[in-house]
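Lettering of chains follows the sequences in order, A, B, ..., and the numbering in each one begins at 1. Computation of the quantities below employed the complete heavy-atom set of this structure, encompassing side-chain atoms and omitting hydrogens, waters and symmetry-equivalent molecules.
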Amino acid sequence: MTEITITSYIILGTALFMLLNSAAVAVYAERRIAGRIQNRVGPNRVGPFGLLQPIADVLKLILKEDVTPHNSYKLIHTIAPIIPVVTALMTVAVIPFGEGIYATDINAGVLYLLAVASLGVYGVTLAGWASNSKYSLLGGLRAAAQMISYELPLGMAVASVVLFVGSLSVVDVAVAQENWWFVFLNPVGAIIFIIAAFAESNRTPFDLVEAEQELVGGFHTEYSSMKFGMFFLAEYMHVVINSMLMTTFFFGSYHLPFAGYWLPEMGTAAKAILDITVFTGKTAFFVFLFIWVRWTIPRFKFNQVMKLGWSRLLPLSIINFIVIAGILFFFFNG
Amino acid sequence: METYAFVLLAVLAIATALGMILNKNTVNSALLLVLNLVSIAGVYLLLQAQFLALIQILVYAGAIMVLFLFVIMLLNVDEEESLFDKFRIKYLVAFLLGVVIFGQILYSLGGVTDMLPEVSSEMVQIGTVEAIAEVFYTDYLFAFEMTAILLTAAVVGALLIAQYKVKDSGETE
């Protein structure tokens, strides 16, 4: 484990600040892009181009009455919205945003990411249970089943990346993609990872957790005011985080395509600015992909979600892992 | 600093463990167990065993306990009636056994004087993934493989049981 210096704190603080704000930007982007896709305008009244809409939304949420259902489990009902926000914020600690720009380099950083992601399910599940409402409970149960199912292919896809790197440190994963992004070396893993990441962040086509037509509001039916706001914030932070993870694991992290072959040597400051720009650009693209898919593709049925997870993605990801391990062992002797 | 962290985590672990046993609500019990697992993971971290700590959270807190919660919520287990409503001889036996085991634990803890061992430079390396993998695949290969076979057998068994029930209900429909 590397020493923790003042720089780490500065980077961590900046990253957390950016992540919290990126959720607001993502909400705005979602509503504008949704408007565009559905041939309407979207929010354009508050501020120039409606840019201040997220602030207005948050103000509205804060001013609303905070209702707790009469027969709910009050303590858990209150704690539940905090969990997904905290787990989303914990993730940025190990993500490298540029060459040498990371808060900390944990020896088992990839496992840390998976561990933190696996804790996020508690928020949704407990919210569903503590509300003491049948719609919420169904949403919570669906969340638990879905997230456990898709953690496995997600983990296997990440494991197939680790085979190439030979290290569980996220910084090493980023460095190893200087010449070849892993999406070129491991396309099946990349596709599995993207699908599983969509399911993990409960976005369409996997948003059965809050399917309006069947479950009213799903797990957050009984939530109002800023408690609902926390879930809303967490959803968009998870979208941003998952975009960052896709970028880090498969799309070269902060490297331009094949950068090792053609990119000239640069000064530290110039390299840092380029790295962060490239990383942010890729993340923004994947956030756009999340939004694009949500407004284009209809939702699955729940049995289809389970079938896709267990009998399609999981075997495929295991076969992918074994094939890659075999190729690396027999042909590259690594 | 480390001692304070250890005391905090240890108190949290014991408190949540007690809370888990004494709580009558099954969901609360499960949640306290999650907290207990996380605080023990924190103790592992203090001992520089990062791999163990992360696996503890990933496997136990993140997967197994979610499954527990799922089952508890799905079956909607009602609050357990108080244990002492119906006093039976087996509770007495269980209580005596518990006292014996508690005594053993206290006895074995009696010789410990230091709270935390000094973390030497060798220990820092022992908790890493590389060090654990090296030991796994050399010294303890047999035990490792046997565990793998055991787990595979368990998975196949679970699958068979699940499949059997599906077929059965399919025929009766």
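For B:Leu67, the parts sitting under 4.5 Å from any heavy atom of chain A are the backbone and the side chain alike. Interface residue A:Ile76: only side-chain heavy atoms are found under 4.5 Å from chain B. Interface remark: A:Leu141 contributes backbone and side-chain atoms alike to the contact with chain B (heavy atom separation under 4.5 Å). Neither the backbone nor the side chain of A:Leu138 comes within less than 4.5 Å of any heavy atom in chain B. Looking at A:Leu114, the atoms closer than 4.5 Å to chain B (heavy atoms on both sides) sit in the backbone and in the side chain alike. Residue contact with chain B, scored on non-hydrogen atoms closer than 4.5 Å, involves the backbone and the side chain of A:Ala145 alike. Both the backbone and the side chain of A:Tyr112 come within contact range of chain B, with heavy atoms under 4.5 Å apart.
When side chains are defined from C-beta on, A:Tyr122 counts as touching B:Val66, because their heavy atoms get closer than 4.5 Å.
Smallest separation of non-hydrogen atoms from A:Ser118 and B:Gly62: OG-CA, 3.4 Å.
For residues 51-60 of chain B, heavy-atom neighbours of chain A at less than 4.5 Å comprise B:Phe51, B:Leu54, B:Ile55, B:Ile57, B:Leu58, sorted by residue number. Near-neighbour residues of residues 87-95 of chain A relative to chain B, defined by a heavy atom under 4.5 Å from a heavy atom of that chain, are none. Using a 4.5 Å cut-off between non-hydrogen atoms, no part of residues 136-150 of chain B approaches chain A.
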Tell me which donor-acceptor pairs under 3.5 Å the side chains of residues 303-327 of chain A have, and how far apart each pair is, sequence neighbours excluded?
unit_1: A:Gln304; atom_1: OE1; unit_2: A:Lys301; atom_2: N; d: 2.8
unit_1: A:Trp310; atom_1: NE1; unit_2: A:Ser149; atom_2: OG; d: 2.9
unit_1: A:Ser311; atom_1: OG; unit_2: A:Lys307; atom_2: O; d: 2.8
unit_1: A:Ser317; atom_1: OG; unit_2: A:Leu313; atom_2: O; d: 3.1
unit_1: A:Ser317; atom_1: OG; unit_2: A:Leu314; atom_2: O; d: 2.7
unit_1: A:Asn320; atom_1: ND2; unit_2: A:Asn186; atom_2: OD1; d: 3.2

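Atom CZ of A:Phe302 sits in a crowded spot, with more than 12 heavy atoms from other residues, nucleotides or ligands closer than 6.0 Å. Summarising the local packing, CZ of A:Phe228 is surrounded by more than 12 heavy atoms from other residues, nucleotides or ligands at distances under 6.0 Å.
With chain B as the partner, the residue from A:Ala143, A:Ala144, A:Ala117 showing the most heavy-atom pairs under 4.5 Å is A:Ala144.
Separation of atoms CH2 (A:Trp129) and CD1 (B:Ile72) is listed at 9.0 Å; rounding is to 0.5 Å. Between the CG atom of A:Leu75 and the CG atom of B:Asn28 there is a distance of 8.0 Å, given to the nearest 0.5 Å.
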